[in-house]
Every structure is written in C-alpha cells, then in structure tokens.
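Lettering of chains follows the sequences in order, A, B, ..., and the numbering in each one begins at 1.
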There are 2 protein chains.
Amino acid sequence: MVEHAPSPETRAGGRPESADPETETAAGAPPGRQRLADRVRLGLEREIVTGDLAPGMRLDEVRLAERYQVSRTPVREALMQLAASGLVEMRPRQGALVAAIGTYQLAEMFEVMSELEALCARLAARRMTPRERNELAALHEACRPCLESGEADGYYEMNLRFHEAIYAGSHNAFLEQETRKIRRRVSPYRRMQLHRPGRLADSHAEHGRVVEAIRAGDQELAGSLMKEHVAIQSGTFVDFLASVGELPDQRAAGSPEPREPRRQAR
Amino acid sequence: MVEHAPSPETRAGGRPESADPETETAAGAPPGRQRLADRVRLGLEREIVTGDLAPGMRLDEVRLAERYQVSRTPVREALMQLAASGLVEMRPRQGALVAAIGTYQLAEMFEVMSELEALCARLAARRMTPRERNELAALHEACRPCLESGEADGYYEMNLRFHEAIYAGSHNAFLEQETRKIRRRVSPYRRMQLHRPGRLADSHAEHGRVVEAIRAGDQELAGSLMKEHVAIQSGTFVDFLASVGELPDQRAAGSPEPREPRRQAR
DNA sequence: CCGCCGCCGTTTGTATACAATGTTGCGCAT
DNA sequence: ATGCGCAACATTGTATACAAACGGCGGCGG
C-alpha cells in the first residue's frame, strides 16, 4: 500500500506542458495527442530498422526510460508491441533484446516474403489503375539517378518506395500491411546487402521487367518476376550472411553473447 | 535450402499455445510460475476465438482485472499483445474492443490466407517426410467420424488439426506461425460457417484431394487445390456474412455499436 | 584445485496512485 | 421544446512503489 506520493513538482508525468505547444494549430489539434508509448515505439523501431540498435543488443527498460525521459511503463508497452511485431525478442524474466534473426530463420522469412510480394505484383497487374501504373513507372525511373551515381543508400530508399507502390497497387490493405511488416522485420539485415557490386544494376533491371509486366497486365509474369526478384535477394543475401558468419544459425540454442552494452548512452 | 525446423519457441511473433497448459497442480510450481499477463492473454484469446466475447464488444480494463483477479497492468499488457495480433482493436483514449472485422477486410484476409495456405501445401508436398505424410492421411481419416455424425464443432476441431499438420509440413516455422496467426484472427467468424448443410462433406472431399496431391508429391496440384479449398470457404463465407448483414462493410466509418458488456458482477 | 551452494545486487513483473482526456447527462438559453 | 455548453463522471495513460526472480560472486567443502 502506497499512501501518497509527495512529489508534486518533479512531475515527469504531466506530459502536456513538457515539450511545447508544438504544431497545435488551435484546431482541436490531434497531432500532439500522442501517447508516450507510441513515441518510444516509433523511436525504437526507427533505431532498430536503421541498424542504430544492432540485433542482439540488450534493451534495458530503465535505461530506455531515462533516454526517452519517461517512466518504465510506456517503455514496456513499446517493447511489447515491438516484440509482437517481431523486431524485439523478450525472454520471460530476462528482458528484451533486439531480435537477432538467424540465417536459417531469415531464409524462411524470405521464402514467405517472396510469395507475398509476388502476390502483390500479381494483384497489382490486375487491379492497378492507369494512373497507378504510370506512377509506378515514374517511381522506377526515379531510381535511376541513385543507380548511376552509385548511392546505395539512396537507392535503398527508392527501392523501398517502389515496392511499397506495388503493395498499394494490390488494392488489398491487409496484404499491404502484412507484406510491409515482414519487410520491416528483415530490413535491419538488408541494408548492407545492396552494397554488393553489381546488385544495384541487376535490381533495377529486374524492377524494369516487373513494371513492364504490370503495365501489360500480365499477372502471372508479374508475379513470377517479382518472386524471382525477391528470391535472388534472398539467395545472395543469405549467402552473404553465412559467409560472414555474422549470426549464429540457431539463436535460441546457446545464446551467443547477448551482453553487449556497446553504445547505449546517448 | 531449408531443411529442419529450428524449434525455438520464437516467442516474438505470437506463439502458439504451445506454452504448456502449465502444471498448475504441480507441487514445485505454484500458479505464480507463469506471468499473469500471459494468463490473461491466453484467456482472452480463447474467449475471443471461441466467440464467447463477440466482435465489437467492449473490453473494460478494470472489469477484466476484477474478472481475472489481477491489477490493470497485466490486463493492459494482454490487451496490447492481442491488439498487435489483430484480435483486439484499441482506440487511443477510448479503450479496447474485440476486433470487429468487416466483410470487406475479411475478404482481403482470405485472399492472403488462401495464398499462404497454398504455399504451405506446396511446400508440404515437397518436404514432408513419409511419416508426416502418413500422419496427415491418418488425420484426414480421423475427420470422417465427425463428418458422418454431423458434429460440426467436432469437425471444426479436426479440420484445424488437419490444416495445422500441413502448416507444420511446410517445414518453415515462420510461415507456419504467420498462417496460424491469420487463421486465428478470422476464426471468430468461421465457426458458424461450417454449419452450412453440405459444406462438411465438400470440405472433407477437398481435403482428400489435397492429401492425395501431397502424398504424390505434386506441389503445384497441392497448392492450387488448397488455394481453391480456402477460397471456397472464403466465398461461401463472405456471402453468408453479407447476406446476414451482420457486419458493416466499412468498419472504420462509424463504429457499429460498442455493445454493452454483460454484467461481470464479480 | 575444482565444484557446489547460498547470498546479494540487478532487473523484471505487478500493484497502486495520480493525471488527463473522452463521455454523458443536466441545465440553461433561445 | 430543442440545441448548446458545461460540469461531473468514467476510463485510459503514466508514474512510482513494491515484490519476486534471475545471474553473478564469494565462501565452503571435497
């Protein structure tokens, strides 16, 4: 039984006045109304997906709470949601880690992902409006500059947009969401992969064929081309990981060394 | 490339209730062994999937806390995890509802599900061990009694086991998990569907053809048969829902009617 | 010298208290 | 009488306090 909390002014709790009125343009202002847990979740998600928080890294609740200037409660919420989405792994009494996906599981995920992306492409070929088809083609063209200048990171971004356009083109919001979820989940591992020498050009060429099939409305072709496209990435990618031996094949068996408070403080 | 299942209970992406029903009465392990949040989550999940908690029904945190004899904290955890898995919908400051899926979104989900189940069947045809193939056939036969006696509920259960066997036969744990998740998510709506007159027999016959294809190792056939099988369910099912008009086509617009939860009178 | 056992610090899991927002119903003005 | 505004209520979001469990470490015994 806690009787009473005698700290009226250390108020970390009162979130509203904390930052600033922000962009609350008098209009009833929905934007600022964000739960703290969401802020933390978004932040962590970003850090994980971009690789700032490396797979296997420990996520200490109190440290994160300090970092985000909130209490443990929203942090726990965020961690659990991320765990549900697969980006974070929580072991019952041992805290949370950034999900470390073994090459084996990664291969499994690619197997599913290639199928879903193929489905997206197939449906897109069938359902995209003329306008969407044109936009897709434009997006494809917009990848070229990054390709020619060799900016892998820029291409990575454009590549993402390209694929998202196809997801949306499936006109199946559920499929779109699921596919996106999987892509996000593997993204911490994919970034490095595009740095392989000839991969960018190949990727772009494959995209081109997919665009063509979609514009032509050839469902089966679009699907199989896309499946191939993703599968190639999968192959080269898993090969790469395996060769580097960056990750243990079986993460669950003997935990390698989850302890790595490398850089946690900001 | 994929050869054997890793079998770590990747807790991350929502796990099956493989979490042992817990040795409640075991001497050494008092009921406190399991996290309370998990108990609540499992309980709610069961109630939702079986339809005891109808879609659209309000889930009040304090009431649930009383019902499960815990504080709000584990209840909130459970709700959030269920929200992440899609069984529960949480609106920012307005609490949680049992997810009410509109017919439109349901159709979308079936579109994805048929594809994933087809993939499972295709892979199963390629990868199942002889033993697994036999077990599948046995499982299929085991459905017959329920069929003949017309026990829809019993058949429903066996049907589930049958499909799960195929998921497992894909030897892709990730695919297995994802497919199971989707099936779970639509299950609150499926139960009633099998009560349709001739559906049980049809379903069983379709299963039989799938088993044959898998035993014969015919991937493509197994896949397309399974896709058809699920699609048929989808079709009759969505028709059924639409005819009953049980659900609004677009849930997002106006919330149907957060129905008053029954008195929990403790 | 090595291995086992028990203590202690750290960290998670749960409960409760406090703050803030959405909702509902009532009163008032038109 | 009806619609609007306001205030009290109900319920969620957040913080903090408390308890239990895991892991490490040192002492003890073989």
Test of understanding: with side chain to side chain donor-acceptor pair (under 3.5 Å), list the residues that count as partners of [X], not counting sequence neighbours.
| X | value |
| --- | --- |
| A:Glu135 | A:Arg131 |
| A:Arg72 | A:Glu61 |
| A:Glu157 | none |
| B:Glu108 | none |

Can you check the [X] [atom1] to [N] [atom2] distance for me, whole Å?
| X | N | atom1 | atom2 | value |
| --- | --- | --- | --- | --- |
| A:Gln34 | D:dT14 | CD | C1' | 15 Å |
| A:Glu77 | D:dA15 | CD | P | 10 Å |
| B:Leu36 | D:dA20 | CG | P | 12 Å |
| B:Leu64 | D:dT12 | CG | C1' | 13 Å |
| A:Asp38 | C:dT21 | CG | C1' | 15 Å |
| A:Tyr68 | D:dT14 | OH | C1' | 17 Å |

Quiz item: Is it true that atom CZ of A:Arg46 has more than 12 heavy atoms of other residues, nucleotides or ligands lying nearer than 6.0 Å?
Solution: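 No.
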Quiz prompt | Under 4.0 angstrom between A:Thr73 side-chain N/O and D:dT14 OP1 or OP2 | solution =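 So the side-chain polar atoms of A:Thr73 never come under 4.0 Å of the phosphate oxygens OP1 or OP2 of D:dT14.
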Practice problem: State which residues pass ring-ring contact (aromatic ring centres under 6.0 Å, His included) with A:His171; sequence neighbours excluded, sorted by chain then number. | Solution: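 In terms of ring-ring contact (aromatic ring centres under 6.0 Å, His included), with neighbours along the sequence ignored, A:His171 is linked to no residue.
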Quiz prompt | Under 4.0 Å protein heavy-atom contacts per nucleotide of nucleotides 6-12 of chain C, with B for base, S for backbone only and - for none | solution = -----SB
